[in-house]
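In what follows, a structure is listed as structure tokens, so that the remarks can point back to it.
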2 protein chains.
Amino acid sequence: MAAAAIGRREQNKLEKRGRIIAAARALFTHKGFDATTSQEIADAAGVAGGTIFTYAKTKDDLLILVFHDEMMDVAERGYAAARGSGALVDQVIVYFETMVSYHQRDLPLAHALMRQLGYVGGDDQRALVRELMTRVLGRLAQLVEAAKARGEVAAASPLLPSARSLFAIYYFHLGGLLSGYLDRPQFDRNLRTDLGLLLRGLG
Amino acid sequence: MAAAAIGRREQNKLEKRGRIIAAARALFTHKGFDATTSQEIADAAGVAGGTIFTYAKTKDDLLILVFHDEMMDVAERGYAAARGSGALVDQVIVYFETMVSYHQRDLPLAHALMRQLGYVGGDDQRALVRELMTRVLGRLAQLVEAAKARGEVAAASPLLPSARSLFAIYYFHLGGLLSGYLDRPQFDRNLRTDLGLLLRGLG
DNA sequence: CTTCAAACATGACTGCGCTCAAAATTCTGG
DNA sequence: CCAGAATTTTGAGCGCAGTCATGTTTGAAG
């Protein structure tokens with residue numbers, strides 16, 4: 001049989017997985033992460049309590065499942081919005097601002113998600129994070145590549161490390177914002193300063 | 001009364017706090033974080049179960065208390081070790097390597113700690129994280145400052161943003177190492193590449 | 001169609017983090 | 001030294017994340 005052929009078993013698993021993710025997303029958004037019990041998710045998804053944990057090893061891991069698709073999309077939208085801008089700094093800032101405004105819709109949830117990103121339990125979820133990271137860094141690298149073509153970035157600058165470093169700076173400040181060490185204006189200022197520094201270099 | 005005068009009440013609280021932290025450290029190190037119950041910590045510290053949670057809002061927050069002092073010290077030792085080396089890149093790498101080898105002693109615990117750093121519950125713990133961050137960035141800034149005096153770094157480079165960015169890059173890769181996305185050689189390579197990139201600049 | 005094995009779902013159950021009303025301890029003013 | 005206010009400790013109890021033995025469904029082989 002071709003790999004595309006799927007039996008009733010896999011079909012059911014996919015449907016159930018979809019219902020669980022949808023239920024979790026709705027409840028997390030509506031009640032908050034902590035206030036949502038795994039039993040509520042199970043009820044809303046029409047499955048037994050224990051079934052949740054065959055799709056995500058922990059309740060925390062559900063966050064990865066819930067956000068993966070949306071975040072993949074946000075990266076795309078951020079890239080699309082960033083291409084238009086002028087200098088690379090501005091492009092990169094537009095890219096990250098797109099992500100931040102997505103997180104702004106629900107800061108506590110974003111906080112919980114960020115916490116979880118560095119602590120994934122299941123292998124499936126780990127693969128999802130890898131995929132997401134690849135996408136996010138890939139789009140960044142494209143911005144850098146275009147800037148290189150424009151002569152705005154040195155030809156010698158390696159793409160992936162550049163993208164990684166830009167993201168590392170964003171991620172660090174995002175943590176500060178979500179943890180309450182920074183308010184939004186501070187975040188914006190720090191981000192611009194530090195990204196600019198990376199682009200210009202310390203040397 | 002002078003602020004230095006402390007009554008029996010505060011004296012007792014300090015002692016109890018010390019016992020709790022010591023007990024938690026011993027148990028975390030010996031049994032691991034997850035395998036240690038809050039009751040065990042309480043027993044070892046000679047207090048009732050509920051008392052733990054007047055000193056740390058959550059079990060997770062205990063990690064901050066346990067590691068604060070040691071990490072402050074590691075930053076000092078890293079700085080002392082780094083001053084000797086030659087170029088700024090190498091100094092910074094020595095600084096971070098000192099921290100990494102400290103974490104290597106107990107990777108799962110370091111992982112738990114890192115997770116917790118971005119999710120502090122109590123205000124006291126938050127202040128401790130602030131203090132630690134200030135120390136870590138401050139020592140880094142000193143290295144940059146000295147390099148600036150040597151003419152190795154542009155006079156225009158602002159110290160704090162530079163230190164922040166260097167740390168952000170380290171922190172990002174540390175997360176990759178602790179989460180198992182990177183092995184040690186990859187970590188070392190990435191760190192050197194990206195720190196060098198920041199120092200040279202993309203432009 | 002029947003039989004058997006493998007994969008999956010179930011939900012009662014367990015253990016632990018954390019709460020909170022009550023008890024114990026310390027402080028203060030007279 | 002005493003009464004009573006203020007703060008801290010206590011530990012039984014609660015709710016929930018996560019487990020696992022049992023039951024159910026699916027797929028394959030004859």
Side-chain angles (χ1 to χ4, degrees), chain A residues 1-21 23-24 27-28 31-66 112 115-116 119-125, chain B residues 1-3 5-21 23-24 27-28 31-66 112 115-116 119-122 124-125:
Chain A
M1 313 294 166
I6 54 175
R8 189 167 13 243
R9 181 168 268 157
E10 292 188 59
Q11 186 61 38
N12 280 342
K13 278 196 80 169
L14 272 179
E15 275 169 21
K16 217 162 273 191
R17 193 186 122 106
R19 292 207 310 273
I20 289 171
I21 293 176
L27 285 163
F28 288 164
K31 305 186 50 174
F33 180 74
D34 289 340
T36 302
T37 69
S38 59
Q39 189 58 54
E40 286 176 309
I41 298 172
D43 292 346
V47 299
T51 302
I52 298 287
F53 298 100
T54 59
Y55 291 87
K57 277 180 98 171
T58 67
K59 181 186 166 192
D60 288 337
D61 271 5
L62 271 175
L63 278 174
I64 306 291
L65 294 178
V66 165
R115 169 192 168 92
Q116 191 48 27
Y119 215 89
V120 176
D123 283 351
D124 294 353
Q125 279 78 349
Chain B
M1 316 292 164
I6 54 174
R8 185 162 20 237
R9 184 166 267 160
E10 290 188 62
Q11 187 59 38
N12 279 342
K13 278 197 81 168
L14 272 179
E15 274 170 22
K16 217 160 273 190
R17 194 186 121 107
R19 291 207 311 273
I20 289 171
I21 293 177
L27 285 163
F28 288 164
K31 306 186 48 174
F33 180 75
D34 289 340
T36 301
T37 70
S38 59
Q39 189 59 53
E40 286 176 310
I41 298 171
D43 292 346
V47 299
T51 302
I52 299 287
F53 298 100
T54 60
Y55 291 87
K57 278 181 98 171
T58 67
K59 181 186 166 191
D60 288 338
D61 271 4
L62 272 175
L63 278 174
I64 306 291
L65 294 177
V66 164
R115 169 193 167 92
Q116 190 49 25
Y119 215 90
V120 176
D124 294 353
Q125 279 78 347

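Reminder, nothing fancy here: chain letters follow the sequence lines and each chain counts from 1.
C:dC8 atom C1' lies 12 Å from atom CD1 of A:I20, rounded to whole Å. A:F53 places its CZ atom 14 Å from the C1' atom of C:dT14, with the value rounded to the nearest Å. Atom CD in A:Q116 sits about 13 Å away from atom C1' in D:dA17, given to the nearest Å. Spacing between atom CD of A:Q11 and atom P of C:dA9 amounts to 13 Å, rounded to whole angstrom units. Atom-to-atom, CD of B:E15 to C1' of D:dT8 comes out at 15 Å; the value is rounded to the nearest Å. For the pair A:I52 CD1 and C:dT10 P, the interatomic distance rounds to 10 Å; values are reported in whole Å. Rounded to whole angstrom, the span from the CZ atom of B:R19 across to the C1' atom of D:dT9 amounts to 12 Å. Protein atom CD of B:E10 is 12 Å distant from nucleotide atom P of D:dT9, rounded to whole Å.
Distance from the side chain of A:K13 is smallest to C:dA9 among C:dT10, C:dC18, C:dA9.
In this view, B:D34 satisfies the side chain to side chain donor-acceptor pair (under 3.5 Å) rule with no residue, not counting sequence neighbours. In this structure A:K13 satisfies the side chain to side chain donor-acceptor pair (under 3.5 Å) test with no other residue, sequence neighbours excluded.
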Protein-nucleic acid N or O pairs under 3.5 Å, nucleotides 20-25 of chain D:
none

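Put simply, A:Y55 has no side-chain N or O that comes within less than 4.0 Å of OP1 or OP2 on C:dC8. Under 4.0 angstrom from either OP1 or OP2 of C:dT10 there lies at least one side-chain N or O belonging to A:T51.
For the side chain to side chain donor-acceptor pair (under 3.5 Å) condition, the pairs that include at least one residue of residues 55-64 of chain A, sequence neighbours left out, are A:D60-B:R115, A:D61-A:Q116.
Taking 4.5 Å as the limit, every side-chain heavy atom of A:I64 sits out of range of all side-chain heavy atoms of A:D124. Using a 4.5 Å heavy-atom threshold, the side chains of A:E15 and A:N12 count as touching.
Within residues 56-66 of chain B, the residues approached by DNA chain C to less than 4.0 Å at the level of any non-hydrogen atom are B:T58, B:K59, in residue-number order. Taking every heavy atom of residues 31-46 of chain A and every atom of DNA chain C, no pair lies under 4.0 Å.
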